[in-house]
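When reading the values below, keep in mind they use all heavy atoms of this one structure, side chains included, and skip hydrogens, waters and symmetry mates. Both counts, for ligands and for their atoms, begin at 1 and track the order of listing.
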Amino acid sequence: MIELGDAIALVERTAAPLPPRRVRLLDACGRRLAAAVVADCDSPPWDRAMMDGFAVHGADYPAGASVAELDVAVDLAAGDVTTIGIGAGVCARIMTGAPIPPGADSVVPVEAAVDGTGRAHAGGRVRLEDRRFRIGQHVARQGAAFRRGQEVLAAGMRLGAAEIGLAAEAGATHVVAEPRVRVAILSTGSELVPPTAVPAFGQTRNSNGPMLAAAVPLLDAEPVTLGIAADRPEAIRAAVAQGLAADVLVLSGGVSAGDLDLVPAIFARCGVQQVFHKVRLKPGKPVWFGVLRRDAAPPTLVFGLPGNPASSLVCFELFVRPAIAILAGRPRDAWHLPRCRARLVGPAKAAADRPVYLPCRLRDAAGGREAEPLPWTGSSDLLGLAGAGGLIALPAGGRTHEAGEEVEVVLRDVRVGSV
Ligand code: AMP
Ligand code: MG
């Protein structure tokens, strides 16, 4: 058994930032680019019609008030191409998005057609009157937005919808981005059934699975849910082997001292080196932490959390949270939940031998924050944790901290609704 502060320090020392990853473009949304995106084409890729109308050779188009009467040589919808040249006396009927045909350089909008000739197609004639005609009008020139070989997105930029669209246009099917930490979640226990089941006598719904799968994306990491493994060595071993492909494996159950607490031995057989097992902490004493090192890839950090749901969550917040933050490359001040001082509004009892975490409601009051301990029966009680704004952290010593005393409170994630 080790001290809580030492255990947290060991997690911090074992975790290291992951290198950037080449990922599919959409998987990089919301992330920072680690390498610039360079265009593989011009944009537009060719001179493009920006209006529905008629593509003309501008030098032959009569300026001023005069009406041009032109033969329509070809019809060009978006996606159509032609080799027919456009010279004097000739035009192409063209739709927005089509390439300007050879010889043409300007588009006269269909609204400029007079005498009902606006519907003229290939083989017909159109009469066009465009008093404000300028050469090059309504044409987006090849490369006007960007050129092939140009850096269109710089390293360090965070990708949102516009940036993803631009990268797609520039031909980037994959990008090199800061990594999203992959966290495998495995619940162990032969008594566990999925939350969709009505538990039979002796069965327990798997609440840790959904709880941890919810906690991971709140840290901007990606959960990989592995479901439930029964307390049989082969079942747990197969699931652990799968989980070791992730950056972090968070397993719950089977790490304490019962007959079927098989997990530490299975971790050892899978090559996971133990860093610590059992921490002076309440709830959460049985927690296990280790690391699987490999030559070719970054290590996988492995957490065995206690099966009791409240213990599991407290251990997740104290140990797994900083590990994910460090792997993601976040600054030190973003590793842990923030803490504050608050005045107790009711008594809170410390444990004799280890630091204790107790759910509380927090409110702002004259002279600072107040923490109201919530009714809570301990490590299996999620009802007492749900809606709690924070956890009162009391040092070991066993004494009752009375109303009015100032204590330390770990604040829950600010995005989580509390009452
Ligand atoms: P263990 O750590 O495996 O000894 O489990 C301790 C307690 O937590 C037992 O009552 C288990 O039934 C319960 N438990 C273990 N895993 C889960 C889970 N995923 N969801 C809900 N309860 C669990
Ligand atoms: Mg168990």
Polar side chain donor-acceptor pair, N208 to S187, under 3.5 angstrom: no
Proximity of F267 and W288 rings by center, below 6.0 Å: yes
- prompt: Going by the order shown, which atoms of ligand 1 are within less than 4.0 Å of some heavy atom of G254?
  reply: 1 (P), 2 (O), 3 (O)
query: Which ligand 1 atoms, with their elements, are less than 4.0 angstrom from a heavy-atom of G253?
result: 2 (O), 3 (O)
Test applied, salt bridge (charged side-chain N to carboxylate O under 4.0 Å, His left out); reference residue, R343; option that passes from E405, E402, E370: E370
message: Between ligand 1 and V255, is the shortest N or O to N or O distance under 3.5 Å?
response: no
field: Residues Q150 and D42: side-chain donor-acceptor under 3.5 angstrom
entry: no
Enumerated ligand 1 atoms positioned under 4.0 Å from heavy atoms of S256: 2 (O), 4 (O)
task: Just let me know how I228 lines up against ligand 1, side chain, backbone, both or neither, with a heavy-atom cut-off below 4.0 Å.
output: neither
statement: Atoms of ligand 1 under 4.0 Å from any heavy atom of N206, numbered from 1 in the order shown, are 18 (C), 19 (N), 20 (N)
Expected list for residues 230-246: side-chain donor-acceptor pairs under 3.5 angstrom, two or more places apart:
from	atom 1	to	atom 2	distance (Å)
D231	OD2	S190	N	3.1
R232	NH1	E234	OE1	3.3

- prompt: Considering only heavy atoms, which of L262, L186, N308 lies nearest to atom 6 (C) of ligand 1?
  reply: N308
field: Within-cut-off N or O pair, G307 and ligand 1, under 3.5 Å
entry: yes
Check: F319 ring centre within less than 6.0 Å of F276 ring centre: yes
query: Side chains of H336 and E12: is there a donor and an acceptor less than 3.5 Å apart?
result: yes
task: For S187, take its heavy atoms, then give the atoms of ligand 1 lying under 4.0 Å from any of them.
output: 19 (N)
- prompt: Where is the nearest protein heavy atom to atom 9 (C) of ligand 1: which residue, which atom, and how far?
  reply: E191 OE2, 4.1 Å
- request: Kindly indicate whether the side chain of F54, heavy atoms from C-beta on, has any atom under 4.5 Å from the side chain of V72.
  value: yes
message: Any atom of ligand 1 sitting under 4.0 Å from a heavy atom of M211?
response: no
statement: atom 17 (C) of ligand 1: of L251, N208, I185, the nearest heavy atom sits on N208
P45 backbone acceptor or donor facing S43 side chain under 3.5 Å: no
query: Should you measure from each heavy atom of R205, which atoms of ligand 1 turn up under 4.0 Å away?
result: 20 (N), 21 (C)
message: With a heavy-atom distance limit of 4.0 Å, tell me whether S207 approaches ligand 1 through its side chain, its backbone, both, or neither.
response: both
